[in-house]
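What follows is one structure encoded as structure tokens, with my remarks underneath.
Scope of the values below: all heavy atoms of this structure, side chains included, with no hydrogens, waters or symmetry mates. Below, chains carry the letters A, B, ... as their sequence lines are ordered, and counting in each starts from 1.
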Amino acid sequence: MLDPKLLRNEPEEIAVHLRRRGFELDVERLARLEQERKQLQVETQQLQAERNRSAKVIGQAKAKGEDIQPLVQAMADLKSRLEAAEGRLSRIQEELEALALEIPNLPHPSVPDGNDERDNLEIRRWGEPPRFSFTPRDHVDLGAALGQMDFEAAARIAGSRFSLLTGPLARLQRALIQFMLDLHTEEHGYTESYVPYLVNADSLRGTGQLPKFEEDLFKLAGEHEYYLIPTAEVPVTNMVRDRILDAEALPLCYVAHTPCFRSEAGSYGKDTRGMIRQHQFEKVEMVQIVRPEESWERLEQLTGHAERVLQMLELPYRVVVLCAGDLGFSAAKTYDLEVWLPGQQKYREISSCSNFTDFQARRLKARWRDPESGKPELVHTLNGSGLAVGRTLVAIMENYQQEDGSIGIPEVLRRYLGGLERIAS
RNA sequence: GGAGGGUUGGCUGAGUGGUUGAAAGCACCGGUCUUGAAAACCGGCAUGGGUUCACGCCCAUCCAGGGUUCGAAUCCCUGACCCUCCGCCA
């Protein structure tokens, strides 16, 4: 959520920033509602003050044993006017609130202009795409040949967009998770955390998935209103919801491995082959809760932590900064890491690192006590995949494939696989 | 599934219809004292909003939503969450 004061006082400027990301702020409607709100609020508060005064007078009169009937009768009219005013005010406030919840974050000035992913800006590359003396296969063919990846069985068990791994390939995925968690906890200073995979609607509102993106989520039927998490960002960031943190506690850095569940509504026909886009996938996620003044520096650092995983796995990748039009709803700035996939001859997203500034914090009421002011102030939140595990598995298969269809194991993973150096059928 | 208890400020915790936005303690901030610190003592200290050049004044908020009442943290109803015991269970 944006700062309501800013929204009230400088709607035109805000509209300009939001237009960069393709969001048209209805300034006139906002101004109309605002004006109405203000007028109704003043009126309501005056009536409330009057009611409070009268009630006090009646109390005092009663204490003295005077007749309060005339005073009570005089209140009747006031009461009905107050009720009407309160009703109208709360309707306006609800409308404003609903409007505010659907306004995305402001893009940072350093975010390039652009409409969609084609306008994202590559800012650096690492590693060389491997050269093969044979025609490289994609992970689907490789997995099938190994007999360790079975999409037909997955479809029978669940449906499309699910995958099934067995044997060394399944173990490789587990090894990747272990490796990433160890790296981030031991070398990057994150605290490992285990979190709920089902969350309530408040948590999803806090991080910005609701109310606007309900169709992307799996909602459980049953007496409780639970949703499957689309990313660990939701439970982990919500660790600080409704809290006031001590200054010394910051920054808070958490890493969690969780499965992620996404309905992929609206992506019909996109990435239908293989395990690139699934209803269920594993991800290791880094989350940082920081002081506002250091969030931009932290974004660079966090991105570096994600890059480190790819470097240690020796997977070629590039870093792109998302253009304003491609930014996620809550993000002020996002770096995507894209790994080279020989099966597609393309760089594909494998991590997304974002600074949400105070946008999520305001929805979450996640604050810290600034020693300067002594007042509770909003924190800044950031997160980044470190990495999307399923896609990392795909990248390893495709980049480390041999002519005979076996898969080499990156050096750093072998200790997690009992020393295994290659996966063969 | 059955029975009961609870939700109050940063924290602990009093408060069962009228100066209670809320006692007390802790924490925190300032001061006195001290060579310095601690202790002791004195003072300050909720959040959001409206209005004002400003001092200030006003409104809302004691889990949420309804209700009773001239007046609700306090009474009634519904819901959420937490806890305890019993049953079942990984």
Side-chain angles (χ1 to χ4, degrees), chain A residues 1-9 30-31 33-101 194-206 210-211 219-220 222-227 235 238-250 252 289 291 358 361-379:
Chain A
M1 208 156 65
L2 300 178
D3 182 355
K5 273 185 196 147
L6 208 61
L7 202 55
R8 219 173 289 158
N9 300 333
L30 193 67
L33 286 171
E34 237 342 288
Q35 199 199 334
E36 215 170 326
R37 192 216 94 236
K38 203 164 195 166
Q39 194 195 320
L40 274 169
Q41 187 164 338
V42 169
E43 183 186 335
T44 304
Q45 291 189 355
Q46 277 168 355
L47 290 168
Q48 285 170 330
E50 207 173 321
R51 176 204 55 195
N52 292 348
R53 271 195 303 275
S54 302
K56 210 165 265 183
V57 168
I58 291 172
Q60 283 159 356
K62 203 180 177 184
K64 288 187 218 152
E66 294 169 6
D67 180 17
I68 61 169
Q69 266 323 300
L71 293 167
V72 170
Q73 273 165 18
M75 280 283 263
D77 172 57
L78 173 67
K79 206 177 174 186
S80 67
R81 279 193 295 153
L82 176 57
E83 265 165 27
E86 279 176 336
R88 278 188 297 161
L89 178 61
S90 72
R91 273 194 300 280
I92 289 285
Q93 277 171 332
E94 272 167 36
E95 205 174 329
L96 272 165
E97 174 83 2
L99 186 69
L101 278 173
Y194 170 78
V195 295
Y197 300 162
L198 303 182
V199 294
N200 58 39
D202 282 341
S203 292
L204 289 157
R205 254 189 299 277
L210 288 180
K219 185 176 186 176
L220 266 60
E223 65 167 316
H224 292 280
E225 193 184 29
Y226 284 140
Y227 295 82
N238 271 277
M239 284 167 79
V240 297
R241 172 153 55 92
D242 289 322
R243 294 196 41 203
I244 297 176
L245 304 157
D246 289 333
E248 308 82 65
L250 301 179
L252 285 170
I289 314 294
R291 300 179 185 212
D358 61 10
R362 188 169 290 108
R363 292 170 162 243
L364 291 162
K365 295 188 186 66
R367 297 174 295 177
W368 68 302
R369 202 171 284 279
D370 184 349
E372 297 275 314
S373 63
K375 296 278 181 197
E377 285 169 18
L378 297 170
V379 296

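OP1 or OP2 of B:G71 has at least one side-chain nitrogen or oxygen of A:Lys79 nearer than 4.0 Å. Residue A:His224 has a polar side-chain atom (N or O) positioned under 4.0 Å from OP1 or OP2 of B:C81. Using a 4.0 Å cut-off, no side-chain N or O of A:Asn52 falls inside it from OP1 or OP2 of B:G71. Close to B:C29, at under 4.0 Å from its OP1 or OP2, lies no side-chain N or O of A:Arg369. Close to B:A46, at under 4.0 Å from its OP1 or OP2, lies no side-chain N or O of A:Lys375.
Pairing of B:A14, defined by two Watson-Crick or G-U wobble distances under 3.5 Å, is not identified with any nucleotide. If you check B:C63 for Watson-Crick or wobble pairing at under 3.5 angstrom, you find it paired to B:G79. Across all strands shown, B:G71 forms no Watson-Crick or G-U wobble pair with both key distances under 3.5 Å. Nucleotide B:A3 has B:U84 as its partner under the Watson-Crick or G-U criteria, with both atom distances under 3.5 Å. Judged by Watson-Crick or G-U wobble contacts below 3.5 Å, the nucleotide B:C57 has B:G50 as its partner. In this structure, B:G43 and B:C29 make a Watson-Crick or G-U wobble pair, each of the two defining distances being under 3.5 angstrom.
One C1' atom belongs to B:C76, the other to B:U16, and the distance between them is 14 Å to the nearest Å. Nucleotides B:G67 and B:G17, compared at atom C1', are 15 Å apart to the nearest Å. Rounded to whole Å, the P atom of B:C77 lies 27 Å from the corresponding atom of B:C85. B:U68 and B:G6 have their C1' atoms separated by 24 Å, given to the nearest Å. The separation of B:A64 from B:U7, taken at their P atoms, amounts to 13 Å, rounded to a whole angstrom. Look at the C1' atom in both B:A72 and B:A54: the space between them is 36 Å, to the nearest Å.
As a whole-Å value, the separation of A:Arg51 CZ from B:U69 C1' is 12 Å. Here B:C59 presents its P atom at 16 Å from CD of A:Glu43, a figure rounded to the nearest Å. Nucleotide B:U47 holds its C1' atom 15 Å from the CZ atom of A:Arg362, rounded to whole Å. Whole-Å rounding puts the A:Ile58 CD1 to B:A72 P distance at 12 Å. Taking atom CD of residue A:Gln48 and atom P of nucleotide B:G71, one finds them 13 Å apart after rounding to whole Å. Spacing between atom CG of A:Asp242 and atom P of B:U7 amounts to 18 Å, rounded to whole angstrom units. Taking atom CD of residue A:Gln41 and atom P of nucleotide B:U61, one finds them 13 Å apart after rounding to whole Å. Residue A:Lys56 contributes atom NZ, which lies 13 Å from atom P of B:G18 at whole-angstrom precision.
Sequence order on RNA chain B of the closest nucleotides to A:Glu50 and A:Glu223 puts A:Glu223 first from the 5' end.
Each of B:C70, B:G10, B:G49 was ranked by its minimum atom distance to the side chain of A:Val72; first place goes to B:C70. Checking B:C59, B:G49, B:U51 against every side-chain atom of A:Arg8, the shortest atom distance belongs to B:G49. Across B:U47, B:C58, B:G18, the shortest atom-to-atom separation from the side chain of A:Ala49 is found for B:C58.
Counting non-hydrogen atoms of neighbouring residues, nucleotides and ligands closer than 6.0 angstrom, the CZ atom of A:Arg243 reaches no more than 12 such neighbours.
When side chains are defined from C-beta on, A:Leu82 counts as touching A:Thr44, because their heavy atoms get closer than 4.5 Å.
Checked for salt-bridge contact, A:Glu377 and A:Arg291 miss the test: no charged N lies under 4.0 Å from a carboxylate O.
Counting atom types as modelled, A:Gln45 pairs a side-chain N or O with a base atom of B:G49 as donor and acceptor under 3.5 Å.
The line from CD of A:Glu83 to CG of A:Leu78 is 10.0 Å long, rounded to the nearest 0.5 Å.
The residue A:Arg243 sits apart from the nucleic acid: no heavy atom pair falls under 4.0 Å.
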